[in-house]
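Structure first, then comments.
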Amino acid sequence: MENWDITQAEDYYGFKRWGGGHFSVDAEGFVQVHPAGDARTIRVHDIVQEAIGKGIKPPLTIRIQDLLRTRVIELNQLFIAAIKGEAYQGRYRGVFPIKVNQLREVVEEIRDAGKEFNFGLECGSKPELMIALSMHKDPESLIICNGYKDDEFVQLALFGRRLGKEVYLVVEQLSEIQHIIEMSQQMNVKPLIGVRIKLSTAGEGKWASSSGEDAKFGLTSPEIIEVTRRLREAGMEDSLRLVHFHIGSQVPNILTIKKAVIEATRFYCELKKMGFPMGLLDIGGGLGIDYDGSKSNFESSMNYTMQEYTRDVVFNIKAVCERADVPTPDIISESGRAIVAPHSILVTEVIDRISKVTVGPESFVSEDAKKRHDVLRDMDSIVENKYKSGRLERYHDAVQKRDEAHNLFNLGYLNLRDRAEVDALYWSICDDLRREGIDASYNPEELESLPAMLADQYVCNFSVFQSLIDHWACDQLFPAAPLQRLKEAPSVNATLVDITCDSEGKVAKFVDIEDVRHSLRVHQLNADPYYIGFFMVGAYQDIMGDLHNLFGRVNEVHVFLEEDEEDGYYIEDHIKGFTVRDVLKLTQHESSELTRNLKRQIDRATREDRVRPREGVRMLEIYSEILNNHTYLKV
Ligand SMILES: *Cc1c(COP(=O)(O)O)cnc(C)c1O
């Protein structure tokens, strides 16, 4: 720790390992971000100070918009390079899954950065489709509709077709195909249809249950045959164009991805050979983020790069198609996490420190050595360590003596002052053992917990449940580091606790190259504000806080027993859940603006004779109506 410098700081906090080239420490010891992966940098601490100057205080989410752009461009360019490298016949036509971050500013930035690549949008619910229809401008880019669908959902998607958009309805449940057939006959629109396959390749990682036989999504092979039969029966075989799979988010192991791609491509080839037009293979999400920088198949990491991912996908699709003598499809991927996670930084200020050893043994002065209690003398000799006992032995002795002291205290044979001195000696012995352990080549298991046990708690001004919900709910690790003073060696071991009155509101697990750290080294607090940043927090939980997928609050009824009522109960009142308008408003989408946008498109379609005026008016009415409806499926 003596020769601590910024290189050591970068290494300890792992900026270079997990940052993908976007984070480092500058010469003054401040964290800086490289949004475009070039020489341009921004000091995160400066952003915080400027925000404070405008009255916007931490806890603060900082969005690095250019980092979003960079990730979109990177993903597209890597796919293009892989396609070129393999002389692959077919294009990459990616889409952004809106559910991973629905915030308007995020979606707009991604759409804008992806314009030159015809990057499209994916939606999994009605509100998300409402966003997609209105924000989607480029007729060359796709809209992919996943998720459970009711008639309204299907109808919206078919409006999109009428407006000349390439909107795919991916059939997740057998029952959906009937809705699609009937609705499109009724509206006289030719739908574009995909099927989501329930792969036998099981996922891996935290979200593995998105695939495999028990998954709640996707069609089994008999169900796929049934879908093809119903399409033929309806004379709509021309509509089946796409095979889709999604094996879960944050897939840590590239082997899982390869297997899934191969299996899905086999389904694709078979459907093509059955005579359906096909043309598109959609490999879903799953592209990971290396949160701990270990490049391993640990659940918070990934054992591959984005480049390896793109190459493996392209290579395997091509290989399978060639063997089946089927032309290669255009490739769609739905990477959300990999695009949005890095752009968002959560900044929180440390407002207090809670220590175990605030009062050390040196503050107890014995007046009379002769009267010193036996148990204290025993503690003294553990501290002295005259016989050079090992660390583990001293630890056991200290634990035993402290137990003895507590028993004596409970029985009335030890006074409070002496008990306090025993406790203080105990903590100081443990702290010595911890310090000796730092440079030890081997730490016995019982001593491994000492750093965490002795760690201070740094109280941070934020709520884990609002801002780091994935850490609380699914043990997701996020890199954390002080934003300043990184030229100084951090001398305090701490865990981070939030200001909620919930004992779960804490961060006591931190990323490390191997395993997990149970405390983080930070600096002694001084008169200046001390900020800690959590990094890579931009996916899912960024927007979740209960608005996941823009569903929001559900309806609620309060039921009371009542003898006089026929059924023995009555409902006193009910609370309405969120409407589409409510949740859109909460993510900065003004309903009036969305409606105006769509109206312009309908007007154009009407002028160009693609849509009859009466139909156009009706579309707009229904769009407006749905704004006032609840977000959940109408069944
Ligand atoms: C959630 C989801 C995604 C996004 O997955 P990431 O791992 O975040 O890229 C893509 N497709 C579907 C169907 C999803 O449900």
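One-based numbering, in listed order, for ligands and for the atoms of each. Predicted model only: the values in this text are computed from it and were never measured.
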Tell me whether the rings of H244 and H246 are parallel (<30°), tilted (30 to 60°) or perpendicular (>60°). parallel
Side chains of [X] and [Y], heavy atoms from C-beta outward: is any pair under 4.5 Å?
X	Y	value
I64	V33	yes
F478	D470	yes
N253	Y304	no

Contact residues of ligand 1, where a non-hydrogen atom lies under 4.0 Å away: P97, K99, V100, E122, N146, R196, H244, H246, S249, Q250, G285, G286, E334, S335, G336, R337, Y540
Looking just at side-chain N and O atoms, do Q89 and T328 make a donor-acceptor pair shorter than 3.5 Å? no
For the CZ atom of R241 and the CG atom of D282, what is their distance to the nearest 0.5 Å? 15.5 Å
